[in-house]
**Q** 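Got a structure for you, written out below as structure tokens; questions coming shortly.
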Amino acid sequence: MRKTLMASVLVPLVLGQAAPLQAQSATPAFQNSASEAQRKAVNNQATAELFYMIQQLQEDVRRLQGKVEEQQHLITQLQAQGRDRYIDLDQRILDLSEKLNAQPTAAGAGASATPAASGQGTPVATRDYRAPGAEEQKDYNAILDLIRNQKAYDQAISSLYEFIDRYPEGDLTVNAYYWLGEVYLAKPQLEQAKQAFTIVATRYPDHRKAPDALYKLGVTLDRLGSREDARRYMERVTREYPDSGAAGLAKKFLSSASG
């Protein structure tokens, strides 16, 4: 009787002790499964964030490419406008020059044949250039500041074209053409420099900038590789404007070229 009672007491105790042991043995496996799920969730979130960042970067690149294309289109337009403006101004000056050449050169017509420099050069028709007004002089000085002090050559070129368009056939207009040649020479855009210096040298031979333009035209041709043409222009400077500072520079050029 006592044995049966003890057995009935011990069996539940043993069973009660075994149940927690089974529960404890199942806990690590459950924890491992939960940790794996968490890692997968973290990885999925990181992948999603990375994918989102890549999309944002691609969008930024597309936006920047669009801006670059817009800027390139704008530059192309400005270059075309500059060429068209130059051609238009050049044609207007050519037309006016032809009209002036068609007029009689009598004293009453406002022109007379005089030597180019000291009486030894080739006679050219002189004319009275329109004196600049206060606003015109101010605009011109601002352009010189862009060239000499700021070295803002592209801005100076645009300003020079605008100046020539706003103040045609003035005294400072010839200067503007000359400085256009100087800026193009400095960039260097030699063909454009050649055109600007040619306008001054051939259409305004009586202007004070003509000897300098003729000399710089020779320099430009020399840089373009047209050495023989450059030499001829330098000889013209010494022959047509013998007392000018440009003539002295031309003589040095010819001396160094022959040496």
**Q** Taking all non-hydrogen atoms of both residues into account, name the closest pair between P211 and S244 and its distance.
**A** CB-OG, 3.7 Å
**Q** Side chains of V237 and F253, heavy atoms from C-beta outward: is any pair under 4.5 Å?
**A**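 Of all side-chain heavy-atom pairs linking F253 with V237, none is under 4.5 Å.
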**Q** Output yes when R239 and E235 qualify as a salt bridge under the 4.0 Å nitrogen-oxygen rule, no when they do not.
**A**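 The answer is no: the pair does not qualify as a salt bridge.
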**Q** Heavy-atom count around K252 NZ within 6.0 Å, excluding the residue itself: above 12?
**A**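 It does not: K252 NZ has 12 such atoms or fewer within range.
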**Q** After noting the C-alpha distance and the side-chain angles of Y204 and N175, does the key distance pass the side chain to side chain donor-acceptor pair (under 3.5 Å) rule?
**A** CA-CA 10 Å; Y204 308 100; N175 285 37; over 6 Å; no
**Q** With a 4.5 Å limit on heavy-atom distance, are the side chains of Y140 and S159 in contact?
**A**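 They are not in contact (no side-chain heavy atoms under 4.5 Å apart), so the answer is no.
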**Q** For the side chain of T198 and the backbone of K194, is there at least one donor-acceptor N/O pair under 3.5 Å apart?
**A** yes
**Q** Begin from the C-alpha positions of Q56 and D60 and carry the test side chain to side chain donor-acceptor pair (under 3.5 Å) through to its verdict.
**A** CA-CA 6 Å; Q56 290 295 108; D60 290 341; 5.5 Å; no
**Q** Report yes or no: is the cationic atom of K209 (NZ for Lys, CZ for Arg) closer than 6.0 Å to the six-membered ring centre of Y178, at no more than 45° off its axis?
**A**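 Verdict for Y178: a cation-pi partner in K209.
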**Q** Whether the side chain of T173 engages the backbone of Y167 through a donor-acceptor N/O pair (distance < 3.5 Å, no angle test) should be reported.
**A** yes
**Q** Could you go through the side chain to side chain contact (heavy atoms under 4.5 Å, CB included) check for K216 and V200 one step at a time?
**A** CA-CA 11 Å; K216 285 300 178 73; V200 179; over 6 Å; no
**Q** So do the side chains of Y241 and R236 get within less than 4.5 Å of each other, counting heavy atoms only?
**A**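 No, every pair of side-chain atoms sits at 4.5 Å or beyond.
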**Q** What's the spacing between D145 CG and Q150 CD if we round to 0.5 Å?
**A**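 Reported value, rounded in 0.5 Å steps: 4.5 Å.
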**Q** Do side-chain atoms of D222 reach the backbone of G218 as a donor and acceptor pair under 3.5 angstrom?
**A**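 Absent.
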**Q** Take K187 and D154, measure what salt bridge (Lys or Arg N to Asp or Glu O under 4.0 Å) needs, and give me the verdict at the end.
**A** CA-CA 9 Å; K187 281 182 69 67; D154 290 334; 2.5 Å; yes
**Q** Under the side chain to side chain donor-acceptor pair (under 3.5 Å) rule, what do W179 and Y184 come out as? Steps first, then yes or no, please.
**A** CA-CA 8 Å; W179 280 110; Y184 275 133; over 6 Å; no
**Q** Using a strict threshold of under 4.0 Å (side-chain N to carboxylate O), is an ion pair present between E169 and R130?
**A** no
**Q** Roughly how far, to the nearest 0.5 Å, is CZ of F163 from CG of L180?
**A**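 L180 atom CG to F163 atom CZ measures 12.0 Å (nearest 0.5 Å).
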**Q** What heavy-atom pair brings G181 and A193 nearest, and what distance separates the two atoms?
**A**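 Taking G181 first and A193 second, the nearest heavy atoms are O-CB, 3.5 Å.
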**Q** Enter the distance from L160:CG to Y153:OH here, rounded to the nearest 0.5 Å.
**A**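 The OH atom of Y153 is 12.0 Å from CG of L160, to the nearest 0.5 Å.
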**Q** Nearest 0.5 Å please: distance from the CG atom of N141 over to the CG atom of L172.
**A**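 Reported value, rounded in 0.5 Å steps: 8.5 Å.
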**Q** When rounded to the nearest 0.5 angstrom, what is the spacing between CD in E191 and OG1 in T220?
**A**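 Taking CD in E191 and OG1 in T220, the distance rounds to 9.5 Å.
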**Q** With a 4.0 Å cut-off on N to O distance, would you call E135 and K138 a salt bridge?
**A**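 Result for this pair is no, no salt bridge flagged.
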**Q** Given the rule that I, L, V, M, F, W and Y join up when any side-chain heavy atoms are under 4.5 Å apart, are I157 and V174 in one cluster?
**A** yes
**Q** Are any side-chain N or O atoms of D165 and backbone N or O atoms of Y161, one a donor and one an acceptor, separated by less than 3.5 Å?
**A** no
**Q** For the residue pair M234 and V219, establish whether any side-chain heavy-atom pair is separated by less than 4.5 Å.
**A** yes
**Q** Quickly, which of Q65, E59, Q58 forms a side chain to side chain donor-acceptor pair (under 3.5 Å) with R62? Name it, please.
**A**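 With R62 as partner, side chain to side chain donor-acceptor pair (under 3.5 Å) holds for just one option, E59.
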**Q** When you compare the side chain of E182 with that of I147, does any pair of heavy atoms fall below 4.5 Å?
**A**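 Not touching, per the 4.5 Å side-chain cut-off.
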**Q** Quick one: are D212 and F197 in side-chain contact, heavy atoms under 4.5 Å?
**A** no
**Q** Are the side chain of H207 and the backbone N or O of D171 linked by a donor-acceptor pair below 3.5 Å?
**A** yes
**Q** Quick one: OG1 on T238 to CG on L214, what's the gap to the nearest 0.5 Å?
**A** 9.5 Å
